[in-house]
Amino acid sequence: MEVRGRKRQRLLFLFAIVIPACVLLTFAGLIVRQETELADKRAGDERRQALEQLRRELSTRLDAIKLQELTLLGDDPAAAFARREPESPVVFVARLDQDRLVMPWETAAKPWNPSAEFSRYQREGETAEFIANDLPAAIAGYRLALRNANRVEGRCRAQLWLARTLAKSKKAEAADIFHAMMKHCGSVTDDDGVPYALYAASQVSDSQSYVLEQADQIQWRHPAQAWLLRSLLPAEAKTNLDLLIRDIGQMTALARDFRGSMFRMEFPFTSRMNGLAWLAYGEELWLITVMEAAPQSAPVVLAVSSQKVAPPGATLVATHTESSVSLGEGFVDLEVDWAPGRFTGNAGVPARLYAIGLALILGATGLAGYLLLRDVNRQIELADMRSQFVASVSHELKTPLTAIRMLAETMDMGRSKDPEKQSQYLQTIVNESERLSRLVDNVLDFSRIERGKKIYQLIPTPLADVVHSVAQTMQYSLAQNGFQLDTSIDDSLPPALADRDAMEQAILNLLTNAMKYSGTARSIYLSLRRDGGDAAIEVKDRGVGIPASDHAKIFEKFYRVPSANTELVAGTGLGLTLTQHIVKAHGGRIQVKSVPCKGSTFTILLPLVENAR
Ligand code: ADP
């Protein structure tokens, strides 16, 4: 039975759970793979489209900038070479003289030639100042030079020398000259491109506002001028100038590269004037092109900030990285690096959702499988127990029936004439038939309980009577089997609400068990006493005992403790189930204390009438 059951259980598990789960898994795997491939393809398409669109947008934008700059170049060359507002994408526009990039800060002003007197007084002053160390003579020389300066260039120079020398002795007069210079020498620069006014500003302490005003002017500056101006600025105002210095550095490097032959060979766009080519250049990444305002006119280099023309989400780079793609024709060395995760290609359900769904389905299938297995196992166990029960009942019925029949036949044949013997036979027949009816009662009651048809008549009943009656009933069979029954019955107990027959049956079951599972021991103790507000009916034996792990299970239907001791004894596994049901129906409870090989004590606790619930 059990082997067949297990086989069926395995088949059921295989067909109901394992195979469907495998099919489901395979399908889900296929779908996820297909979905991933599709997503990859979609991402590839999206990437291509985005690149195409970026090329178009960038070309249009750059073309527009170029066109605008070309117009400016025609209308107002000075504006074309000026430094743009910080937001403007144009970094610079610079003329190309042969292969030389003309820096926007280079001035076209003609060099100034001092007059012979000016130069002579200058020399006299310098000799007195630096060689003879004669300050008054130096001051006199510089004053004469100042007087002989016919243009502002000369005046500013002479003022600087004079003020420098005066500062060593007549500070106030020197300061006056420096202040005057700050007003008039803003546009006159020395050979390093630094305005004389800025030198003057660096010598007086109250030049802060003048310096800030200068720094605010957005224009290209000679590197030396930019550095001097930066050194005069307070720390918090240096940012703009730092950006300018960075641009000046990159521009100087570009000019150097422009002159190098490598540059010309490598970047063919220089030969394609007004072509579409843009070159990516530098760390700040400028896009550079060469254009002509009109045919035959000098070419002009235009640089645009890539950062300011790139659409959001796309970073333009000059060096190839793992994630960058070349922009292709028309853009030299220019690549685009898309923001990560921009192309997922996942218009459909994301793979993670599939995975969650799959995990849920598998979880549910697993749970269903577990429940199914548990249920099937339980059914198998119950079927086993039932078949064992039928065998046990038949066996239990057979033993008393055989005894009754044998004794009845003996008497019928008149073999024993001894009246004492006859009475003993009759007593045994009565006893065995009582055992038979107890067994039948148990089975019938169990079936009534199972169908919910069992009804108890609860009336106030003196429990002492019940216990005495049970002891009386069992007396003969106990004596016959050599048992000694010790009793201790408290006759003064108040009555309890009880169904007398049912309660007798419950106690009889306990006593029968005590006999059945006594092993070689032959003493049983039966007592009735008060336990708080309850009556306690106790049946104690010194028999085989029950392992602690089975204490709860013995009250389950058909359950019998699996041991050699139990197997030797006939039983149905129903006695305790019935006893517990009866006790609970009386509002009481049953307790078991038992140690293997030492014996067991079963106690029924019933509320007395004064406490009846
Ligand atoms: P059974 O017909 O098998 O006696 P019960 O429901 O009366 O059925 O008891 C269930 C099981 O509990 C028994 O098979 C036995 O293993 C165990 N048991 C019951 N009473 C005792 C006892 N007094 N001593 C040891 N084992 C007991």
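Positions are given from 1 along the sequence. Whatever order the structure lists them in is the order used to number ligands and atoms, beginning at 1.
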- Message: With a 4.0 Å cut-off on N to O distance, would you call K540 and D486 a salt bridge?
- Response: no
Taking every heavy atom of I449 against every heavy atom of Y456, the minimum-distance pair comes out as CD1-OH, 4.1 Å
So with a 6.0 Å cut-off around CZ of R405, is the heavy-atom count from everything else above 12? no
Exercise. What's the verdict on side-chain hydrogen bond (donor to acceptor under 3.5 Å, both in side chains) for S488 and S527, showing C-alpha distance, side-chain angles and the deciding distance?
Worked result: CA-CA 5 Å; S488 157; S527 76; 5.4 Å; no
**Stepwise salt bridge (Lys or Arg N to Asp or Glu O under 4.0 Å) test for R48 and D45** = CA-CA 5 Å; R48 264 190 301 282; D45 287 349; 2.6 Å; yes
When L397, L444, T512, L574 are each screened for side-chain contact (heavy atoms from CB on, under 4.5 Å) with L439, the one that passes is L397
Using heavy atoms and a strict 4.0 Å limit, residues surrounding ligand 1 turn out to be N513, K516, Y517, D541, V544, G545, I546, I554, Y559, R560, V561, T566, G571, T572, G573, L574, G575, L576, S600, F602
